[in-house]
Amino acid sequence: KHMDLSNNPELTLRIMPILTRGIQNSTIEKLILQRIHYTFGLGVELRIEDVRFLQHTNLKEIFLSDNRIEQIENGAPYFFPQSLELISVPDNLITFGLYTFENISLQNLKFLFMGGNNLLQWIDPIIGIYHLRYLDLSNNFCSDVSRDFFSHIINLSELHISNNLLGYSIASDIDGRIFANLRNLRRMDLKANRIAHLPFMVFKNLKNLQHLDLRDNLLTTVEFDILKLKALKYLDCLLYTSDAADDMQCVDLGGRRIIK
């Protein structure tokens with residue numbers, strides 16, 4: 001029940017209107033189109049005509065990584081089938097925000113992979129994908145995240161935002177609003193974000209968080225309220241002191257052992 005045409009760059013993304021027309025009303029549930037566009041050259045647009053026939057499919061997963069997609073035509077996501085559970089578009093050139101999902105409602109979407117693009121600012125809140133469980137926005141060179149950006153994806157359980165530049169935004173979040181609504185979050189990857197300071201209240205509502213990765217930042221001390229993280233089992237954090245880098249191998253907190 002899957003179709004895989006990956007690693008055929010001679011096809012180019014312009015094959016999609018023909019391809020998506022052909023899989024209408026089929027039993028295909030997984031469509032894998034990774035690296036079907038030239039590796040070099042200008043970025044391309046994912047157009048309405050590329051995806052409009054998808055609304056007549058039963059696709060659950062679509063993979064479009066490494067295709068030099070730079071833009072998605074306004075309205076194109078409207079034609080994504082309601083059956084979609086996973087969208088994977090990492091390692092492209094995408095510059096638009098997640099507001100592209102604003103006017104649609106993909107009630108079954110649970111996994112969204114958008115790492116390795118050019119999403120430099122995360123401002124408008126993510127809406128329209130309220131049942132999302134897994135979000136990957138790593139490696140996007142993002143330096144600005146608004147305090148409302150994650151506020152509507154309240155069912156999220158895993159958040160991967162490593163290898164960005166979020167240090168200043170997070171350090172400014174003294175009232176802990178950025179992650180405040182992620183009460184169901186169990187795993188968060190914040191490594192390599194040039195974080196030098198974490199406000200005391202930054203993780204105040206993450207009572208279900210079990211795994212927190214803060215490696216490869218610029219922290220010299222842990223000042224956030226670790227007592228709020230009642231479910232935490234794993235904390236990885238490298239502290240930089242005047243003498244040397246101290247690796248937090250183990251934190252003993254109220255009888256709980258938090259081990260690297």
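Worth knowing before you read on, the calculation uses all heavy atoms, side chains too, and leaves out hydrogens, waters and symmetry mates.
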Handout entry: Test applied, side chain to side chain contact (heavy atoms under 4.5 Å, CB included); reference residue, Ile87; option that passes from Phe63, Phe80, Phe113
Key = Phe80
Considering all heavy atoms, the nearest [X]-[Y] contact:
X: Ile178; Y: Asp173; value: N-OD2, 3.0 Å
X: Asp91; Y: Asn117; value: N-ND2, 4.1 Å
X: Leu46; Y: Ala76; value: O-CB, 4.3 Å
X: Glu223; Y: Phe200; value: O-CD1, 3.2 Å
X: Leu135; Y: Ile153; value: CD2-CD1, 4.0 Å
X: Val44; Y: Asn67; value: CG2-O, 3.7 Å

Practice task
Evaluate the salt bridge (charged side-chain N to carboxylate O under 4.0 Å, His left out) criterion for residues Arg215 and Asp236: first the C-alpha distance (whole Å), next the side-chain angles of each, then the deciding distance (0.1 Å), finally the verdict.
Solution key: CA-CA 6 Å; Arg215 286 176 294 164; Asp236 201 337; 3.4 Å; yes
Cluster link [X] to [Y], ILVMFWY, side chain under 4.5 Å:
X: Phe203; Y: Ile226; value: yes
X: Ile28; Y: Leu54; value: yes
X: Leu166; Y: Val222; value: yes
X: Tyr78; Y: Met16; value: yes
X: Leu13; Y: Leu93; value: no

Approximate separation, where rounding is to 0.5 Å, of [X] [atom1] and [Y] [atom2]:
X: Leu119; Y: Asn92; atom1: CG; atom2: CG; answer: 10.5 Å
X: Arg133; Y: Phe111; atom1: CZ; atom2: CZ; answer: 9.0 Å
X: Gln82; Y: Leu106; atom1: CD; atom2: CG; answer: 5.5 Å
X: Arg186; Y: Asn208; atom1: CZ; atom2: CG; answer: 5.0 Å
X: Met188; Y: Leu209; atom1: CE; atom2: CG; answer: 5.5 Å
X: Asn205; Y: Asn184; atom1: CG; atom2: CG; answer: 11.5 Å

Within-4.5 Å side-chain heavy-atom neighbours: [X] and [Y]:
X: Leu214; Y: Leu235; answer: yes
X: Asn74; Y: Ile48; answer: no
X: Trp122; Y: Cys142; answer: yes
X: Tyr38; Y: Thr12; answer: yes
X: Leu198; Y: Leu219; answer: yes
X: Leu132; Y: Lys110; answer: no
X: Leu159; Y: Asp189; answer: no

Practice task
Flag the pair Lys30 and Asp4 as a salt bridge only when some basic side-chain nitrogen lies within less than 4.0 angstrom of an acidic carboxylate oxygen.
Solution key: no
State whether the number of non-hydrogen atoms from other residues, nucleotides or ligands found under 6.0 Å of [X] atom [atom1] is greater than 12.
X: Tyr168; atom1: OH; result: no
X: Lys204; atom1: NZ; result: yes
X: Leu5; atom1: CG; result: yes

Practice task
Determine, step by step, whether Glu49 and Arg47 satisfy the salt bridge (charged side-chain N to carboxylate O under 4.0 Å, His left out) criterion, reporting the C-alpha distance in whole Å, the side-chain angles of both residues, the deciding distance to 0.1 Å, and the verdict.
Solution key: CA-CA 5 Å; Glu49 66 178 272; Arg47 303 177 299 197; 3.7 Å; yes
[X]-[Y] side chain donor-acceptor pair, cut-off 3.5 Å:
X: His131; Y: Gln107; result: yes
X: Arg35; Y: Asn7; result: yes
X: Gln71; Y: Thr95; result: yes

Exercise for the section: Name the orientation class of the two ring planes belonging to Phe150 and Phe179 (parallel below 30°, tilted from 30 to 60°, perpendicular beyond 60°). Expected result: parallel
Problem - Geometric class of the His211/Tyr234 ring pair [parallel <30°, tilted 30-60°, perpendicular >60°] - result: parallel
Problem - Arg177 vs Asp148, salt bridge (charged side-chain N to carboxylate O under 4.0 Å, His left out): CA-CA, chis, key distance, verdict - result: CA-CA 7 Å; Arg177 281 183 51 191; Asp148 297 318; 2.8 Å; yes
Problem - Whether Asn164 side chain and Leu137 backbone form a donor-acceptor pair below 3.5 Å - result: yes
Handout entry: Sidechain-backbone polar pair: Ser83 side chain, Leu59 backbone, donor-acceptor under 3.5 Å
Key = yes
Exercise for the section: Test side chain to side chain contact (heavy atoms under 4.5 Å, CB included) on Val51 and Glu73 and set out the steps. Expected result: CA-CA 10 Å; Val51 299; Glu73 184 177 359; over 6 Å; no
Exercise for the section: Starting from the C-alpha separation in whole Å, work towards a yes-or-no answer on salt bridge (charged side-chain N to carboxylate O under 4.0 Å, His left out) for Arg187 and Asp213. Expected result: CA-CA 8 Å; Arg187 183 185 184 102; Asp213 194 338; over 6 Å; no
